[in-house]
Structures are given as C-alpha cells and as structure tokens.
Engineer: 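For reference, the structure I am asking about is given below.
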Number of protein chains: 2
Amino acid sequence: MERRNTRQLEAIRSYAEHSKSHPTAEDVYREIVKTIPDISLRTVYRNLNKLSEEGILRKIQVPNGPDRFDSTLEPHQHILCTECGEFIDVFMNNEERLLEEIKDLCGYEITGIDVVYRGRCPKH
Amino acid sequence: MERRNTRQLEAIRSYAEHSKSHPTAEDVYREIVKTIPDISLRTVYRNLNKLSEEGILRKIQVPNGPDRFDSTLEPHQHILCTECGEFIDVFMNNEERLLEEIKDLCGYEITGIDVVYRGRCPKH
DNA sequence: TTCCTATTGACAACCGTTGTCAATAGTGAT
DNA sequence: ATCACTATTGACAACGGTTGTCAATAGGAA
C-alpha cells in the first residue's frame with residue numbers, strides 16, 4: 001500500500017496542522033478550495049480522517065455537531081459555547097474544583113458536561 | 001400551553017423511566033409499538049425530548065451514535081464499548097487515578113476520552 | 001356534547017458523513 | 001521521457017439519526 005503525496009493531501013495537511021481554530025471538514029474545504037478550486041469535500045473528509053488515523057491530527061467528535069480536527073495533540077478538553085458556537089481548548093489537571101477553575105480561566109459558565117469514555121469491555 | 005396526558009406519552013414515560021439500559025429512541029419505539037401498534041417514531045422522539053427538557057430523563061448525546069436516554073439523574077459518566085456497543089454507567093469521584101479505577105471497577109480498558117463541556121462564553 | 005388546541009402520524013427534508021466507481025494522477029521501473 | 005500500476009480523486013448517491021411541516025386526531029375544560 002504505497003503512499004502518494006497529492007496536492008490535495010499536502011494542502012489539507014498544512015492548513016489543518018497550522019490551524020488553531022479546531023476547523024470542521026467544511027471549514028477546511030472552504031479554505032482549500034480557494035487555491036485548489038476543483039477539490040471536493042469528499043477528499044477533505046478522506047484526508048482529514050487519514051491524518052487523524054496517522055496521529056497527525058486529533059478528531060474531536062462533538063455531540064450534535066460536525067467533527068472538528070485539532071492540531072494540538074497534548075491531552076486536553078474542549079468547551080463549546082452553546083450560544084455562539086465558539087470552541088476553545090481547556091487544559092486541566094485536577095477535576096475537583098474544575099468548574100470554578102474553568103470560570104476563572106476563561107469566563108465560561110458550564111451548563112453541561114457529557115462525557116463518554118470509549119473502551120473495550122471485559123469480553124473483548 | 002395546556003398539558004395533555006396521551007397514551008403515547010404515558011407509555012414512553014413509564015418505559016423510559018424504569019429502564020436501566022440507556023435506550024435509544026429506536027429502542028423505546030420497538031418496545032412501545034408492541035402495545036401501541038400505531039405509534040410513530042416521530043412521537044417517541046418528541047416525547048423523549050420533552051421528558052428530558054422537563055428533567056425527568058437525561059439525554060446523552062453520544063458522538064457518532066444515536067442519542068440515549070438515561071433515567072439515572074445523579075451525575076455520572078458512561079462508557080461505550082467500541083467492540084460490542086455495550087453502554088454502562090460509571091460513577092467516579094476523583095479524576096486522578098480514574099483510568100485504573102475504571103479498570104478495577106468494571107474491567108473496561110479505556111481507549112479514548114472525548115470530553116466536550118458546554119457552556120456560555122463570557123459574551124453571553 | 002361541544003369547542004379549543006395540544007398532540008399525533010405521515011411524509012419529506014435536513015445535516016454530516018461515508019460508499020461506490022470510473023476517471024485521474026502519483027510513483028517507481030524501464 | 002515513457003510506461004504501467006494502482007492509490008487517490010471527484011461525481012454522485014445513499015446512509016443514519018433527527019427534526020420540520022401540516023392536516024387529522026383526540027385530550028380536557030365548559
């Protein structure tokens with residue numbers, strides 16, 4: 001399974017790798033299409049998925065919203081503003097006084113936390 | 001805005017409220033349709049959403065999967081087995097030795113944690 | 001019973017994402 | 001350069017889960 005460096009992959013990699021805004025596939029597409037007008041959204045999806053499988057990006061599956069792609073690989077969480085859609089990083093250490101810490105750090109008032117761990121159950 | 005007690009709402013409430021299995025709307029529909037054959041999936045969605053807005057159920061938005069409805073209102077998290085789809089509760093207190101705790105508690109080996117807090121940003 | 005309107009069921013549409021497949025374009029060998 | 005091979009692409013359609021729409025139905029107070 002040979003690996004090929006296409007214009008499309010390179011453009012997507014360099015954009016997503018340097019982006020700090022947690023872009024969605026749509027976001028990436030709207031940017032890349034300016035320089036590669038005939039690129040397809042399908043290809044953006046394919047390459048973003050490939051890059052996240054390779055560990056170059058991290059795919060963030062946002063409940064009730066499009067996936068976002070994150071170039072920051074260090075473990076951290078995210079906050080989504082339910083009013084304006086702003087999506088920011090949170091780096092936290094201890095969970096105890098987390099909510100107050102978050103409010104101190106960035107002014108967000110948390111209205112919901114939905115955590116879903118993923119894993120393999122004892123049978124697998 | 002008067003409130004009406006329909007057969008459909010009552011059936012959905014009593015099933016979901018007593019269920020311990022985090023049913024999806026489909027799950028609820030497949031059960032209720034046995035006793036109310038002409039109920040529609042649309043109505044199941046509507047009433048599950050209504051019940052979770054009223055705080056009677058908790059809606060869990062699972063990334064890349066259908067929403068689940070939880071009758072356990074105490075704060076807790078969930079684990080989804082990526083192999084068999086089993087979906088279980090986790091009650092945790094401190095985050096520090098969380099992963100080892102989880103493994104001790106229920107044998108799950110965590111392969112991913114995607115946390116998205118929701119809130120209002122300082123502008124709102 | 002009557003009337004009002006909340007709720008329903010049928011249906012279509014939505015969004016984000018992936019499947020399919022023939023056409024295209026990297027890449028390594030000649 | 002040219003070739004042949006096949007990974008990748010772009011088109012298009014389809015998917016799954018959920019919600020919008022709207023005329024028909026059925027609670028519930030008078």
Side-chain angles (χ1 to χ4, degrees), chain A residues 1-16 22-54 56-70 80 82 85 87 114 116, chain B residues 1-16 22-54 56-70 80 82 85 87 114 116:
Chain A
M1 199 198 290
E2 142 205 17
R3 198 67 45 111
R4 293 186 186 177
N5 276 358
T6 63
R7 308 178 292 141
Q8 292 92 334
L9 176 59
E10 275 322 296
I12 291 166
R13 160 183 285 134
S14 86
Y15 177 72
H22 311 91
T24 65
E26 262 294 323
D27 294 336
V28 175
Y29 173 76
R30 280 204 304 274
E31 195 55 36
I32 306 284
V33 80
K34 292 175 185 169
T35 55
I36 306 181
D38 60 347
I39 199 174
S40 75
L41 180 56
R42 186 71 186 86
T43 293
V44 174
Y45 272 108
R46 256 188 302 239
N47 283 326
L48 287 175
N49 282 334
K50 173 184 290 191
L51 291 170
S52 61
E53 278 158 22
E54 288 172 359
I56 291 167
L57 297 176
R58 181 175 149 203
K59 183 184 198 171
I60 311 163
Q61 303 190 335
V62 181
N64 242 18
D67 295 344
R68 289 165 176 273
F69 294 86
D70 195 342
L80 171 70
T82 54
F87 195 85
D114 285 308
V116 179
Chain B
M1 197 198 290
E2 143 205 19
R3 200 60 52 107
R4 293 185 184 176
N5 274 357
T6 63
R7 307 178 292 141
Q8 292 91 335
L9 175 58
E10 275 322 296
I12 292 166
R13 161 183 285 134
S14 86
Y15 177 71
H22 311 91
T24 66
E26 263 294 323
D27 293 336
V28 175
Y29 173 77
R30 280 204 303 274
E31 194 56 36
I32 306 284
V33 79
K34 291 176 185 169
T35 56
I36 307 182
D38 60 348
I39 200 174
S40 74
L41 180 55
R42 186 70 186 85
T43 293
V44 174
Y45 272 108
R46 256 188 304 240
N47 284 326
L48 287 174
N49 282 334
K50 173 183 288 191
L51 291 170
S52 61
E53 278 158 22
E54 288 173 358
I56 291 166
L57 296 176
R58 180 174 152 205
K59 185 184 197 169
I60 311 163
Q61 303 191 335
V62 181
N64 241 17
D67 295 344
R68 289 166 177 271
F69 294 86
D70 194 342
L80 171 69
T82 54
F87 195 85
D114 284 309
V116 179

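Basis for what follows: all heavy atoms, side chains included, without hydrogens, waters or symmetry-related copies. Below, chain A is the first sequence line, B the second, and so on; all start at residue 1. Computed from a predicted structure; not experimentally measured.
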Engineer: Given atom NZ of Lys59(B) and atom C1' of dG17(D), what is their separation to the nearest angstrom?
Structural biologist: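 For the pair Lys59(B) NZ and dG17(D) C1', the rounded distance is 11 Å.
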Engineer: Just to confirm, is there a sub-4.0 Å distance from OP1 or OP2 of dA6(C) to any side-chain nitrogen or oxygen of Lys50(B)?
Structural biologist: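 No, Lys50(B) has no side-chain N/O under 4.0 Å of OP1/OP2 on dA6(C).
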Engineer: Return the value, rounded to whole Å, for the distance between atom CD1 of Ile36(A) and atom C1' of dT8(D).
Structural biologist: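 Taking CD1 of Ile36(A) and C1' of dT8(D), I get 13 Å after rounding.
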Engineer: Kindly say if Ser40(B) contacts the phosphate of dA10(C), meaning a side-chain N or O under 4.0 Å from OP1 or OP2.
Structural biologist: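 So the side chain of Ser40(B) is outside the cut-off, no N or O lying under 4.0 Å from OP1 or OP2 of dA10(C).
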Engineer: Would you tell me if any nitrogen or oxygen in the side chain of Gln8(B) comes within less than 4.0 Å of OP1 or OP2 on dG9(C)?
Structural biologist: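 For dG9(C), OP1 or OP2 has a side-chain N or O of Gln8(B) closer than 4.0 Å.
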Engineer: State whether Tyr45(B) places a side-chain N or O below 4.0 Å from either non-bridging phosphate oxygen (OP1 or OP2) of dT18(D).
Structural biologist: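 Indeed, a polar side-chain atom of Tyr45(B) lies that close.
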Engineer: Picking from dG17(D), dC4(C), dT21(D), which would you name as closest to the side chain of Arg42(B)?
Structural biologist: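 That would be dT21(D).
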Engineer: So if I take every side-chain heavy atom of Pro66(B) and compare against dT8(D), dT18(D), dT27(C), which nucleotide ends up nearest?
Structural biologist: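 Between dT8(D), dT18(D), dT27(C), the one nearest the side chain of Pro66(B) would be dT18(D).
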Engineer: Are Asn64(B) and dT17(C) close enough that a side-chain N or O sits under 4.0 Å from OP1 or OP2?
Structural biologist: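 Result: no.
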Engineer: Ignoring backbone atoms, establish whether Thr6(B) has a side-chain N or O less than 4.0 Å from OP1 or OP2 of dT8(C).
Structural biologist: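 Yes, because at least one side-chain N or O of Thr6(B) sits under 4.0 Å from OP1 or OP2 of dT8(C).
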Engineer: So, Arg7(A) and Glu10(A), do they make that salt bridge, N to O below 4.0 Å?
Structural biologist: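 Not counted as a salt bridge, because no side-chain N and carboxylate O are separated by less than 4.0 Å.
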Engineer: Send over the distance from Asn47(B) CG to dT8(C) C1', rounded to a whole Å.
Structural biologist: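 Asn47(B) atom CG is separated from dT8(C) atom C1' by 9 Å.
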Engineer: Once you round it to whole Å, what is the distance between P of dT7(C) and CD of Glu2(B)?
Structural biologist: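 Distance, rounded to whole Å: 7 Å.
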Engineer: State whether Glu54(A) and Lys50(A) are salt-bridged, where the test is any N-O pair (Lys NZ or Arg NE/NH1/NH2 against Asp/Glu carboxylate O) under 4.0 Å.
Structural biologist: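 Lys50(A) and Glu54(A): not salt-bridged.
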Engineer: Please report the closest heavy-atom contact between Pro66(B) and Thr24(B), naming both atoms and the distance.
Structural biologist: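 The pair with the smallest heavy-atom distance is CG-CG2, 3.8 Å.
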Engineer: On a heavy-atom basis, which atom in Ala25(A) and which in Leu41(A) lie closest, and how many Å separate them?
Structural biologist: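 In this case the closest contact between Ala25(A) and Leu41(A) is O-CD1, 4.1 Å.
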Engineer: Return yes if the base of dG19(C) and the side-chain atoms of Arg46(A) contain a donor-acceptor N/O pair under 3.5 Å, otherwise no.
Structural biologist: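 Result: no qualifying N/O pair found.
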Engineer: Please report, rounded to the nearest Å, how far the P atom of dT8(C) is from the CD atom of Glu10(B).
Structural biologist: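 Rounded to the whole Å, the gap is 11 Å.
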Engineer: Round to a whole Å and report the spacing from CG of Asp38(B) to P of dA26(D).
Structural biologist: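 Whole-Å distance recorded here is 9 Å.
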Engineer: Figure out the CZ/P separation between Arg68(B) and dG17(D), and round it to whole Å.
Structural biologist: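 Whole-Å distance recorded here is 11 Å.
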Engineer: Any donor-acceptor pair, under 3.5 Å, between the side chain of Arg7(B) and the base of dG27(D), if you only look at N and O atoms?
Structural biologist: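 Under the 3.5 Å cut-off, the side chain and the base do not form any donor-acceptor pair.
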Engineer: Let me know the distance between CG of Leu9(A) and C1' of dA25(C), rounded to the nearest Å.
Structural biologist: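 It works out to 14 Å between those atoms.
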Engineer: Which pair of heavy atoms, one from Tyr15(B) and one from Glu31(B), lies closest together, and at what distance?
Structural biologist: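 Closest pair (atom of Tyr15(B), atom of Glu31(B), distance): CE1-CG, 3.4 Å.
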